[in-house]
There are 2 protein chains.
Amino acid sequence: MGHTPANDKPRRTRDPEAHRAAILDAARACFTERGYARGTIRDIASRAGVTHGLVMRHFSSKEQLFVAAMPGPRDLADVVAGDPATLPERLALAFVERLDGAGGSDPLIALIRSTASNEEAATALYREMRQRSADAYRAVLDGLDVDVRIELLIAHLIGVTFSRHVIGVGPLAELPADRLVAQLARSVRQILFDQDVAPGSQAAGQDSGR
Amino acid sequence: MGHTPANDKPRRTRDPEAHRAAILDAARACFTERGYARGTIRDIASRAGVTHGLVMRHFSSKEQLFVAAMPGPRDLADVVAGDPATLPERLALAFVERLDGAGGSDPLIALIRSTASNEEAATALYREMRQRSADAYRAVLDGLDVDVRIELLIAHLIGVTFSRHVIGVGPLAELPADRLVAQLARSVRQILFDQDVAPGSQAAGQDSGR
DNA sequence: CGCCTTAATGACCAGGTGGTCATTAAGGGT
DNA sequence: ACCCTTAATGACCACCTGGTCATTAAGGCG
């Protein structure tokens, strides 16, 4: 190292597609880590090993870069297909595997981080993602209050993601994946399927609502 | 208006305590709306009707202002006291009332918004708030996996808050308060108390874990 | 080999940020 | 009435942000 010929002149590699891909990867990681507002173009450029001018050249604005870096909503078809009775187990497993597996750059986390501080671009993407998954669940579920149940399910998953990955503190963040899958499968099942209050308590709820 | 004597010279009111309080209110509202990163001192000063220099004079830094503006974790004693069997109903009611009632400036929302983009000060406060409520629940609950259940409960409430107040979109945001209370009481009950998988499905979970 | 398209750079800009500080003036104490 | 403490102001600063653009040089093609 150091005796390479002509190493003093900054060798400039010329490979638009590779650079573009590297920038997208870096953007994903950066936005996942810091959210939209705090993720800077210069940081992304640095991670990708290019200058921030090049980032602007490939994606004309920070917002366009963000949109390009966040892939469309994942297809839930394979999770949702199959016996609805075992959906909670499949769902919990897929969910935990996806988030624990993502090497620190998952669009859902990035969107939660970004949407939280009222970023328009992020909120639009988040709404789309939310709608897509709600539709997927709706297609295979049925029953009383199914829409509200699905909303509570989504909220539940978001809350778990928030605790485990966004904050990353507390028991939920330290729970081993298999334990989390088991617990999550159970709470998902309860939210989706259990229609009545549990036995063993006199259930003082003032009344059942409408 | 306009013929007030000496109205051209900017009358300078001198009232440190009132200004201090106004700044804290404005800060709460601003951070709740935009989160820590996007809430600027000048915006806060403007809402409070003072200059940003004064804000810096009262609270030496943005971070100190933030800490001062976020009140300590609410005391859950009154919610938690009473028959544990009806805790879900009391909890759901208190929770929904608190967040729906706050005139657009609740510390929990501010913390969620701020913590999301990896702000150290916010994360510390959030951890404290989380710990306090977990302890309060722990004091009156018991049973298998109670710690994990409490974590799931907190995650659930955060997810609901996120959907209803932070994003403010989707069915959960439009659900009338009383309906939400009823649904929430039920899911809280299930998470806290229902120990077994529901009847009516063969419960494919690989095994119960430890 | 030299040309020529164009990928890549880095200097530059305007605007906004948190933070500092000399200056002004309010209003209680004497 | 005059001070004199100090609340309040607003000009100022360094820094960082997203975004622009003239300049440079890589490398395919004739």
Side-chain angles (χ1 to χ4, degrees), chain A residues 4-27 30-31 33-69 113-114 117-122, chain B residues 4-24 26-27 30-31 33-69 114 117-122:
Chain A
T4 322
N7 199 15
D8 48 340
K9 272 284 174 53
R11 190 110 190 111
R12 186 188 284 196
T13 72
R14 195 185 176 86
D15 190 342
E17 292 173 22
H19 281 161
R20 191 185 163 89
I23 290 169
L24 284 175
D25 282 346
C30 183
F31 287 138
E33 237 173 69
R34 312 171 60 86
Y36 182 83
R38 281 167 55 95
T40 73
I41 292 184
R42 279 172 174 81
D43 183 12
I44 292 169
S46 153
R47 293 181 196 223
V50 299
T51 59
H52 94 279
L54 186 65
V55 175
M56 296 305 297
R57 192 179 150 77
H58 280 273
F59 313 87
S60 312
S61 72
K62 186 184 182 181
E63 190 167 320
Q64 284 184 49
L65 168 61
F66 182 75
V67 172
R113 282 222 154 93
S114 310
S117 39
N118 255 348
E119 303 287 351
E120 284 192 35
Chain B
T4 321
N7 200 16
D8 49 338
K9 273 282 175 53
R11 189 110 192 111
R12 185 189 284 196
T13 72
R14 194 184 176 87
D15 189 342
E17 292 173 21
H19 281 161
R20 193 186 162 89
I23 290 170
L24 284 175
C30 182
F31 287 138
E33 235 173 70
R34 316 173 57 88
Y36 182 83
R38 281 167 57 96
T40 73
I41 292 185
R42 278 171 176 81
D43 183 13
I44 292 168
S46 155
R47 293 182 196 221
V50 297
T51 58
H52 94 279
L54 186 64
V55 175
M56 296 306 297
R57 190 179 149 75
H58 280 274
F59 314 86
S60 313
S61 72
K62 186 184 181 180
E63 189 168 319
Q64 285 182 49
L65 169 60
F66 182 76
V67 172
S114 310
S117 39
N118 254 349
E119 304 287 349
E120 284 191 37

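Note on naming: letters A, B, ... go to the chains in the order of the sequence lines (proteins, then strands), and numbering restarts at 1 for each one. What's counted below: heavy atoms across the whole structure, side chains too, no hydrogens, waters or symmetry copies.
Take A/R38 and apply the side-chain hydrogen bond (donor to acceptor under 3.5 Å, both in side chains) test, not counting sequence neighbours, and it matches B/E119. Residues passing the ring pair (Phe, Tyr, Trp, His ring centres under 6.0 Å) test with A/F59, sequence neighbours excluded: none. Qualifying side-chain contact (heavy atoms from CB on, under 4.5 Å) partners for A/A48, counting only residues two or more places apart in sequence or in other chains: A/A22, A/I23, A/A26, A/V50. With sequence neighbours excluded, no residue forms a side-chain contact (heavy atoms from CB on, under 4.5 Å) with B/S46. Not a single side-chain hydrogen bond (donor to acceptor under 3.5 Å, both in side chains) links A/R14 to another residue, sequence neighbours left out. B/N118 pairs by the side-chain contact (heavy atoms from CB on, under 4.5 Å) definition with A/R113, not counting sequence neighbours. Evaluation of the side-chain hydrogen bond (donor to acceptor under 3.5 Å, both in side chains) rule for B/H19 yields B/T13 as partners, not counting sequence neighbours.
One can place CD of B/E119 at 13 Å from C1' of C/dG18, the figure rounded to the nearest angstrom.
Within residues 15-23 of chain B, no residue has a heavy atom under 4.0 Å from DNA chain C. Interface residues of residues 43-52 of chain B facing DNA chain D, ordered by number: B/V50, B/T51, B/H52; criterion, heavy-atom separation under 4.0 Å. For DNA chain C, the neighbouring residues in residues 53-67 of chain A, judged by any heavy atom under 4.0 Å, are A/G53, A/L54, A/R57, A/H58.
Across the interface with DNA chain D, nearest-nucleotide mapping of A/A37 and B/R42 shows B/R42 to be the residue nearer the 5′ end.
The list of side-chain hydrogen bond (donor to acceptor under 3.5 Å, both in side chains) pairs with a residue in residues 50-68 of chain A, not counting sequence neighbours, is empty.
Considering A/S114, A/S117, A/C30 in turn, A/S114 is the only one that fulfils the side-chain contact (heavy atoms from CB on, under 4.5 Å) rule with A/Y36.
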Look for any protein N or O under 3.5 Å of an N or O in nucleotides 27-30 of chain D and output each such pair with its distance, or none.
none

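The heavy-atom pair separating B/F31 from B/G39 by the smallest distance is CE2-O, 3.9 Å.
Atom CG of residue B/L65 and atom CD1 of residue B/I44 lie 5.0 Å apart, to the nearest 0.5 angstrom.
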